[in-house]
Amino acid sequence: MLLLWREAPCLPTMRIDGKVVLITGASEGIGAACAAEFAASGAKLSLTARNAEKLRAAAPAGAFTVTGDLTNEAGRREIVGRTLDRYGAIDILINNAGAGTYEPSWEMPLEDARYLMELNFFAPLALTQLVVPGMRLRKDGMIVNVGSIGGKVTLPWMTVYSATKYALGSLTEGQRMELRRDGIRTMIVCPGYVRTRFQQNVLRGATPDKVRDARRYAITAEACARSIRHGVEREARTVVAPRAAWLLVIAMRLFPSLVEARMAEMNGTA
Ligand SMILES: NC(=O)c1ccc[n+]([C@@H]2O[C@H](COP(=O)([O-])OP(=O)(O)OC[C@H]3O[C@@H](n4cnc5c(N)ncnc54)[C@H](OP(=O)(O)O)[C@@H]3O)[C@@H](O)[C@H]2O)c1
């Protein structure tokens, strides 16, 4: 037993100090809080979002910013290309930009569903494809995908959003195994309720009343960013923030009918 203990590998720890960190969706909310958190840990930041004014206002001193839309290929190539021109490498990619919609899946325009999939799934995949070649050459790197607790337990008020986050979670797991030999780690972040403007920034629709009431349990964007930074440092596979949200995941596995009934009631469809 003692021998096993002594032979056990040390717990991984990644230093953020001096690392180049590219964060998407950094003009507000969790992305802006991550920018502050990683800047405080000594990272060299490259930040992106569509709104130039908000992005500049949120960026910590010394951060490099590139304005662009991640739902088109030109925007994605520009942020990666200009970051590489500026710093020569990208060590950590944080795919945080995302959006939701409160439209019932059975009647929403497919155009909206495609847009969400483009932003929440294809943009992280495309950015990963752009940064991985450099990471493979250096045999080092980390891809952080900001999913959602809705990517572990489907939220009926955001069914298609949940589907995009399930897809992102599966991508993160698969890439961890694909890129293992190349020294590249991947991490999925599953925030529960975080106090940001996410609910106002949705494509369409309004938050069901009972879901809005749950806002009193929400954590701050800063607390979420701290969990993400800590997860990167310990090279975690999954970060659930707050950790209490794991209880919902476990409850759904053990008592699916009960949890589904309660969620339908929150959605106003029970
Ligand atoms: N808040 C929550 O309760 C919660 C819970 C679970 C998961 N999440 C996830 O956490 C991530 C961040 O959410 P948040 O709460 O911080 O949301 P937020 O406050 O609405 O911020 C979203 C960010 O994404 C950027 N963005 C949106 N569309 C974009 C586009 N087409 N191209 C480039 N950037 C775009 C926005 O900037 P511009 O408008 O300037 O482009 C903004 O900086 C998302 O992936 C979300 O799904 C949030």
Side-chain angles (χ1 to χ4, degrees), residues 22-37 46-59 63 65-80 93-102 112 114-124 126-127 144-155 157-158 160-169 171-172 187-203 207 211-212 214-225 227-228 231 238-242 245 248-249:
L22 168 51
I23 305 175
T24 70
S27 61
E28 62 179 309
I30 297 169
C34 279
E37 185 69 30
S46 178
L47 308 175
T48 188
R50 291 166 305 179
N51 187 314
E53 210 175 303
K54 274 164 60 182
L55 183 61
R56 267 196 301 275
T65 59
V66 181
T67 309
D69 189 333
L70 291 173
T71 60
N72 66 61
E73 202 191 327
R76 304 192 282 239
R77 286 194 179 279
E78 191 177 359
I79 173 65
V80 173
L93 166 64
I94 303 185
N95 282 312
N96 163 76
T101 192
Y102 292 114
D112 287 3
R114 287 200 179 96
Y115 178 83
L116 284 192
M117 206 62 183
E118 192 65 45
L119 179 61
N120 297 354
F121 177 78
F122 285 111
L127 290 172
V144 177
N145 290 324
V146 180
S148 167
I149 203 66
K152 296 233 172 255
V153 174
T154 304
L155 311 173
W157 46 91
M158 279 205 168
V160 168
Y161 169 77
S162 292
T164 68
K165 296 296 189 176
Y166 265 85
L168 188 63
L171 180 75
T172 312
M187 178 175 107
I188 184 80
V189 181
C190 304
Y193 212 148
V194 185
R195 222 167 284 132
T196 67
R197 285 178 33 81
F198 176 83
Q199 296 192 330
Q200 290 81 60
N201 293 342
V202 291
L203 294 191
T207 324
V211 177
R212 198 174 326 107
R215 196 173 162 91
R216 61 179 180 275
Y217 302 113
I219 60 169
T220 62
E222 289 71 24
C224 186
S227 298
I228 294 174
T238 305
V239 165
V240 173
L248 177 63
V249 179

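Atoms within each ligand, like the ligands themselves, are counted from 1 in listed order.
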* Lys165 touching ligand 1 at heavy-atom level, < 4.0 angstrom ->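 Within the 4.0 Å threshold, so yes.
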* Asked: Does Ala33 come within less than 4.0 Å of ligand 1, judged by its heavy atoms?
  ->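 For ligand 1, residue contact (heavy atoms, under 4.0 Å) with Ala33 is absent.
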* Asked: Do the side-chain N and O atoms of Thr172 and Asn145 include a donor-acceptor pair separated by under 3.5 angstrom?
  ->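 Note: Thr172 and Asn145 side chains meet the donor-acceptor criterion.
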State the atoms of ligand 1, each with its element, that fall below the 4.0 Å cut-off from a heavy-atom position in [X].
X	value
Tyr115	31 (N)
Ser27	36 (C), 37 (O), 38 (P), 40 (O), 42 (C), 43 (O)
Leu119	28 (N), 29 (C), 30 (C), 31 (N)
Asp69	30 (C), 31 (N), 32 (N)
Tyr193	3 (O)
Thr71	31 (N)
Tyr161	6 (C), 7 (C), 8 (N), 9 (C), 46 (C), 47 (O)
Gly98	22 (C), 24 (O), 44 (C), 45 (O)

[atom]: nearest protein contact (heavy atom, Å):
atom	answer
atom 11 (C) of ligand 1	Asn96 O, 3.1 Å
atom 29 (C) of ligand 1	Arg50 NE, 3.5 Å
atom 20 (O) of ligand 1	Asn201 ND2, 2.8 Å
atom 16 (O) of ligand 1	Ile30 N, 2.8 Å
atom 21 (O) of ligand 1	Glu28 CG, 3.8 Å
atom 9 (C) of ligand 1	Gly147 O, 3.7 Å
atom 1 (N) of ligand 1	Thr196 OG1, 3.1 Å
atom 4 (C) of ligand 1	Gly192 O, 3.9 Å

Answer whether the closest heavy-atom distance between the side chains of [X] and [Y] falls below 4.5 Å.
X	Y	answer
Arg215	Thr207	no
Phe121	Lys165	no
Ile94	Thr24	no
Ile228	Glu37	no
Leu168	Ile188	yes

* What do we get for Gln199 next to ligand 1 when only non-hydrogen atoms under 4.0 Å count, side chain, backbone, both or neither? ->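 For Gln199, no heavy atom sits under 4.0 Å from ligand 1.
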* **Which segment of Ala26 sits under 4.0 Å of ligand 1 when only heavy atoms are counted** =>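 Near ligand 1, Ala26 shows its backbone, while the atoms from C-beta on stay back.
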* To do: May I have all residue pairs that pass salt bridge (Lys or Arg N to Asp or Glu O under 4.0 Å) and include part of residues 187-197, sequence neighbours excluded?
  =>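 Only Glu28-Arg197 qualify under salt bridge (Lys or Arg N to Asp or Glu O under 4.0 Å).
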Under 3.5 Å donor-acceptor, [X] side chain and [Y] backbone:
X	Y	value
Thr48	Thr67	no
Asn201	Ala99	no
Ser227	Ala223	yes

* To do: Could you grab the distance from atom OG1 of Thr164 to atom CZ of Phe122, nearest 0.5 Å is fine?
  =>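 Atom-to-atom, Thr164:OG1 and Phe122:CZ are 11.0 Å apart.
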Mind checking whether [X] has an N or O less than 3.5 Å away from an N or O of ligand 1?
X	value
Gly31	no
Val194	yes
Gly25	yes

* Closest approach of Ala167 to Met117 (non-hydrogen atoms, all atoms of both residues) ->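 So the two residues come closest at CB-CE, 3.8 Å.
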* Hey, is Glu73 close enough to Arg77 for a salt bridge, meaning N to O under 4.0 Å? ->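 A salt bridge is present here (some side-chain N lies under 4.0 Å from a carboxylate O).
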* **Validation row, ring centre Phe198 to ring centre Tyr161 under 6.0 Å** =>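 For Phe198 and Tyr161, the ring centres are under 6.0 Å apart.
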* To do: Determine, considering heavy atoms only, which of Thr67, Thr24, Leu70 sits nearest to atom 32 (N) of ligand 1.
  =>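 Among Thr67, Thr24, Leu70, the closest heavy atom to atom 32 (N) of ligand 1 comes from Leu70.
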